[in-house]
Chemist: 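Quick one: structure below, then a few questions.
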Amino acid sequence: MKLVFNNISKKYKTKIALDDFNITLTDGIQALLGPNGAGKSTLMNILAGLTKPSSGNITLDNEDTVKMGAKFRGILGYLPQNPGFYPSFTGYDLMKYFSVLKGIAGPESRIDELLEFVNLSSDSNRKYGEYSGGMKRRLGIAVSLLNDPKVLILDEPTAGLDPKERMRFRNILSRIGRNKIIIIATHIVSDVETIADNVILLKSGKLILSGSTSQVEEHIVGKVWNKPSDINEAEEYVLLNSNANIIKHGEEVSLHIVSDVKPFENAVAAQPTLEDVYMYFFDEGGMAGEKK
Ligand code: ADP
């Protein structure tokens, strides 16, 4: 499948949330990365048909998604940040309720299969309101998968989850299958670093860069540095510079710095990670180069 965003712009009164955004997405996990306010939710709301763009359109295999109407909604799964499910419903009842809304015939086996998939079978008769954050997110995924969507949107899916639940969630996402376009909008790099087939960097409503993880990392080769340090120097440095973090290996301390220029005489070039790419393009301190 081919999902094409054509010249999407969105203006809210005076604020330009999206500025001539163009991209073509294919099957696989698409990580939409950007800091708060970048325009991720606006873009996902436009894709879901909940917000109208000021200009531009989106096509799925050459068909305008707005004109597709119900046909597009039938193949779309959307897990918003706060789905607002009824807290007094059990997990199972919510699945049943949404199956009816989505017109799924004889849904019982599908519900059982999905509850199993997200590891909630044994909690399916508990009330949603009593679920932990992680369980809520997992139920959300199960609901969004009910109609076996071909395009699945997940907006900040791990917000508020602890590391273990995050990992669990990542594992579920990586098992969903590759015959879908799965778009994960997030500002948390570690959520998508190991599972994304394609990374899209969005800043102030503009597309900055996209490609596989290794392709986007390629962009900052020669701009990432490690420098042997001691804890006092390292702590002072990161306090003053937002483009750096401290790495500890037992007793050894080093500074990991993203910078266009070699920051110290004894700094050595390091292999960039997606975290570094994020730091390079989205560093609010502006230490890592001018052309952001
Ligand atoms: P993100 O999801 O990346 O945090 P958003 O799409 O929510 O970004 O927001 C992008 C920009 O548009 C922000 O500056 C935000 O304040 C603004 N914005 C979003 N929704 C509205 C709205 N309904 N009215 C006015 N401004 C909005």
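All ligand and atom numbering here is 1-based and tracks the order in the structure. No experiment lies behind these values; they were computed from the predicted model shown.
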Chemist: For atom 6 (O) of ligand 1, what is the closest protein heavy atom, and at what distance to 0.1 Å?
Modeler: T42 OG1, 2.5 Å

Chemist: Evaluate the side-chain proximity of E63 to K71: yes if any heavy-atom separation is below 4.5 Å, no if none is.
Modeler: yes

Chemist: In the complex you have, is atom 16 (O) of ligand 1 within reach of the protein, judged by whether a heavy-atom distance drops under 4.0 Å?
Modeler: no

Chemist: Would you please determine whether G34 falls within less than 4.0 Å of ligand 1 on a heavy-atom basis?
Modeler: no

Chemist: I'd like to know if K223 and D260 make a salt bridge, using a cut-off of under 4.0 Å between side-chain N and carboxylate O.
Modeler: yes

Chemist: Protein heavy-atom contact under 4.0 Å for atom 10 (C) of ligand 1?
Modeler: yes

Chemist: Under a 4.0 Å heavy-atom limit, does K40 contact ligand 1 with its side chain, its backbone, both, or neither?
Modeler: both

Chemist: Suppose we measure from atom 4 (O) of ligand 1 to each protein heavy atom; which comes out shortest, and what is that distance?
Modeler: G37 N, 2.7 Å

Chemist: Could you list the atoms of ligand 1 found under 4.0 angstrom from a heavy atom of P35?
Modeler: 3 (O)

Chemist: Less than 4.0 Å between a side-chain N and a carboxylate O, is that true for R166 and D191?
Modeler: yes

Chemist: Which atoms of ligand 1 are found less than 4.0 Å from any heavy atom of N36?
Modeler: 4 (O)

Chemist: So, 4.0 Å and heavy atoms of A185: is ligand 1 close enough to count as a contact?
Modeler: no

Chemist: Under a 4.0 Å threshold between the charged nitrogen and the carboxylate oxygen, would E113 count as salt-bridged to R110?
Modeler: yes

Chemist: Any side-chain heavy atom of H187 within less than 4.5 Å of one from L33?
Modeler: no

Chemist: Do the side chains of K10 and D19 get close enough for a salt bridge, i.e. N-O under 4.0 angstrom?
Modeler: no

Chemist: Check whether more than 12 heavy atoms from other residues, nucleotides or ligands sit under 6.0 Å from atom NZ of K206, and answer yes or no.
Modeler: no

Chemist: Can you spot which of K136, R138, R137 makes a side-chain contact (heavy atoms from CB on, under 4.5 Å) with Y131?
Modeler: K136

Chemist: Tell me which protein heavy atom sits closest to atom 8 (O) of ligand 1, plus the residue, atom name and distance to 0.1 Å.
Modeler: G39 N, 3.1 Å

Chemist: Among all protein heavy atoms, pick the one closest to atom 14 (O) of ligand 1 and tell me residue, atom and distance.
Modeler: K15 CE, 3.0 Å

Chemist: Would you say ligand 1 has an N or O under 3.5 Å from any N or O of A17?
Modeler: no

Chemist: So, R126 and D123, do they make that salt bridge, N to O below 4.0 Å?
Modeler: yes

Chemist: In terms of atom number and element, which parts of ligand 1 are under 4.0 angstrom from non-hydrogen atoms of S41?
Modeler: 1 (P), 2 (O), 6 (O), 7 (O)

Chemist: Measure centre to centre between the rings of Y92 and Y97, then say whether the value is under 6.0 Å.
Modeler: no

Chemist: So if I count the atoms of ligand 1 from 1 in the order they appear, which ones are less than 4.0 Å from some heavy atom of A38?
Modeler: 1 (P), 3 (O), 8 (O)

Chemist: To check your reading of the model: name the closest protein heavy atom to atom 23 (N) of ligand 1, its residue, and the distance in Å.
Modeler: Y12 CE2, 3.6 Å

